[in-house]
*Asks:* 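Got a structure for you, questions after.
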Amino acid sequence: MNFKTQLEDYQATQSMSKFPYSFEEWEAMAKKVLSSPNYDYVAAGAGSEDTMRENVDAFKRWRIQPRMFRDVEQRDTTTTILGTQLESPIMMAPVGVQKILHERGDLASAKAAGELGVPFVCSTVSAYSLEEIAAEVGEDTLKWFQLYWSTDEQITSSLLKRAEAAGYSAIVVTLDTPMVGWRERDLNHRWLPFLEGIGIANYISDPVFKSRMSVDPGSDLQAAGEEFRKVFGNTKLSWRDLEFVREQTSLPIILKGILHPHDAELAIHYGVDGVIVSNHGGRQVNGAISAIDALPEIAEVVQGQIPVLMDSGIRRGDDVLKALALGAEAVLVGRPYLYGLAVGGREGVKQILRNLKGDFELTMALSGVKQISEITPALIRKTTN
Ligand SMILES: Cc1cc2nc3c(=O)[nH]c(=O)nc-3n(C[C@H](O)[C@H](O)[C@H](O)COP(=O)(O)O)c2cc1C
């Protein structure tokens, strides 16, 4: 493949685009088109939002030391995760309730993923069912299913079996959200999407969930919402419970929300297939360490035994390069593509992803790197301010 031509084509298309380039402009445009509660639901972090800001600020303390004179004419951004080759180490993080951003919500994002071949992680609290979303991603693009573990074991089991049947190839178990964090903006609005029945599509389409109700949940969203609140989130879980997920699925299991190296060791001990270093975009524990600062210690204990992925704070190509240099094999993005969705639907999501991929490839080349395996800790250093 001629990467130079590919990049030139890309730049030519960009010059005709009506969309902006910078994350900050996308965010400002999203703020204009969304209602205040909807915008705040996405933009908010927990508490004083200190960790949410730190996710972005911490990246600035890591600096690239580019290498020169290294023939970057032919570049290759491909990488392999759990046996699947990806065109670029950039994935779409699981995000629920996307209907608050756009009528077609997750379906539009999933379609964009499929059209660009960017891996998509479907959330348990998606606004459309996991089967409908899988169909939009299509067969040729990697798709994983993210699990929020219900207090009702049979519902959890049913979701896992449906995900496998729908063609998802891994289960991402999110550990950091046994309950929703203290989000002051949402508390001020006294509103959550779930209260309006948004984000419960996987429940109202689930045979076990339906069997728990005396009415059809699809025709009584209020009753369905109440039932959902009873079963969402499970505060009793501990490491031994992973066995239960193993028994329900033959798919690889990836744990999302790891921030402590001891938890990474436990993940390996319990035989999981990968971890995602993440603080949920700063939405759960305010005061928590930024994901990028947690990454090196975790990569150190994992020692390449299982894939380490990372999210929380990725905004531009240099962030991707830094995360890979600190030990991530791939990164996931959340808010950037959500703002793309709010502003431009499927086309907006595609534009955001194209920008990120293009920026990453350029930053890689300008840093003297031709392929992902050349991105090592030797390429960056930490500064004090
Ligand atoms: C509005 C919103 C909803 C989210 N929903 C989920 C979810 O359903 N499941 C999950 O595991 N993570 C969820 N996340 C967290 C993302 O997967 C990801 O960890 C985070 O957005 C990454 O940070 P970033 O937004 O700075 O890129 C959500 C994040 C946002 C902003």
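Residue numbers count from 1 along this sequence. Every number for a ligand or one of its atoms is a count from 1 in the order of the listing.
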*Asks:* Between Phe194 and Phe228, how do the two ring planes meet: parallel, tilted or perpendicular, split at 30° and 60°?
*Replies:*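 Taking Phe228 first and then Phe194, their aromatic rings lie parallel (interplane angle under 30°).
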*Asks:* Please determine if Arg183 and Glu49 form a salt bridge, counting it only when a charged side-chain N lies under 4.0 Å from a carboxylate O.
*Replies:*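 Salt bridge flag = no for Glu49 with Arg183.
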*Asks:* In terms of side-chain geometry, is the basic nitrogen of Arg346 or Glu115 positioned less than 4.0 Å from the acidic oxygen of its partner?
*Replies:*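 Looking at Arg346 and Glu115, the cut-off is met.
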*Asks:* Relative to the ring of His280, is the ring of Tyr148 parallel (under 30°), tilted (30 to 60°) or perpendicular (over 60°)?
*Replies:*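 Rings of Tyr148 and His280: parallel, under 30°.
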*Asks:* Measure from the side-chain N and O atoms of Ser126 to the backbone N and O of Tyr128, and report whether any donor-acceptor pair falls under 3.5 Å.
*Replies:*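 Indeed, once roles are kept as given, a pair shorter than 3.5 Å links the two residues.
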*Asks:* Quick check on ligand 1: any N or O pairs to the protein under 3.5 Å? One line per pair.
*Replies:*
from     : atom 1 : to     : atom 2 : distance (Å)
ligand 1 : 5 (N)  : Gly96  : N      : 3.2
ligand 1 : 8 (O)  : Gly96  : N      : 3.3
ligand 1 : 8 (O)  : Ser123 : OG     : 2.7
ligand 1 : 9 (N)  : Gln146 : OE1    : 3.2
ligand 1 : 9 (N)  : Tyr148 : OH     : 2.9
ligand 1 : 11 (O) : Thr174 : OG1    : 2.7
ligand 1 : 11 (O) : Lys256 : NZ     : 3.0
ligand 1 : 12 (N) : Pro94  : O      : 3.2
ligand 1 : 12 (N) : Lys256 : NZ     : 3.0
ligand 1 : 12 (N) : His280 : NE2    : 3.4
ligand 1 : 14 (N) : Pro94  : O      : 3.4
ligand 1 : 14 (N) : His280 : NE2    : 3.3
ligand 1 : 17 (O) : Pro94  : O      : 2.7
ligand 1 : 17 (O) : Lys256 : NZ     : 3.0
ligand 1 : 19 (O) : Lys256 : NZ     : 3.1
ligand 1 : 19 (O) : Asp311 : OD1    : 3.1
ligand 1 : 19 (O) : Asp311 : OD2    : 2.9
ligand 1 : 25 (O) : Arg335 : N      : 3.0
ligand 1 : 25 (O) : Arg335 : NH1    : 3.1
ligand 1 : 26 (O) : Gly313 : N      : 3.0
ligand 1 : 26 (O) : Arg315 : NH1    : 3.1
ligand 1 : 26 (O) : Arg315 : NH2    : 2.8
ligand 1 : 26 (O) : Arg335 : NH1    : 3.4
ligand 1 : 27 (O) : Arg315 : NH1    : 3.4
ligand 1 : 27 (O) : Gly334 : N      : 2.9

*Asks:* Parallel, tilted or perpendicular: which one describes the rings of Trp239 and Tyr270, with boundaries at 30° and 60°?
*Replies:*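 Ring orientation, 0 to 90° scale: parallel.
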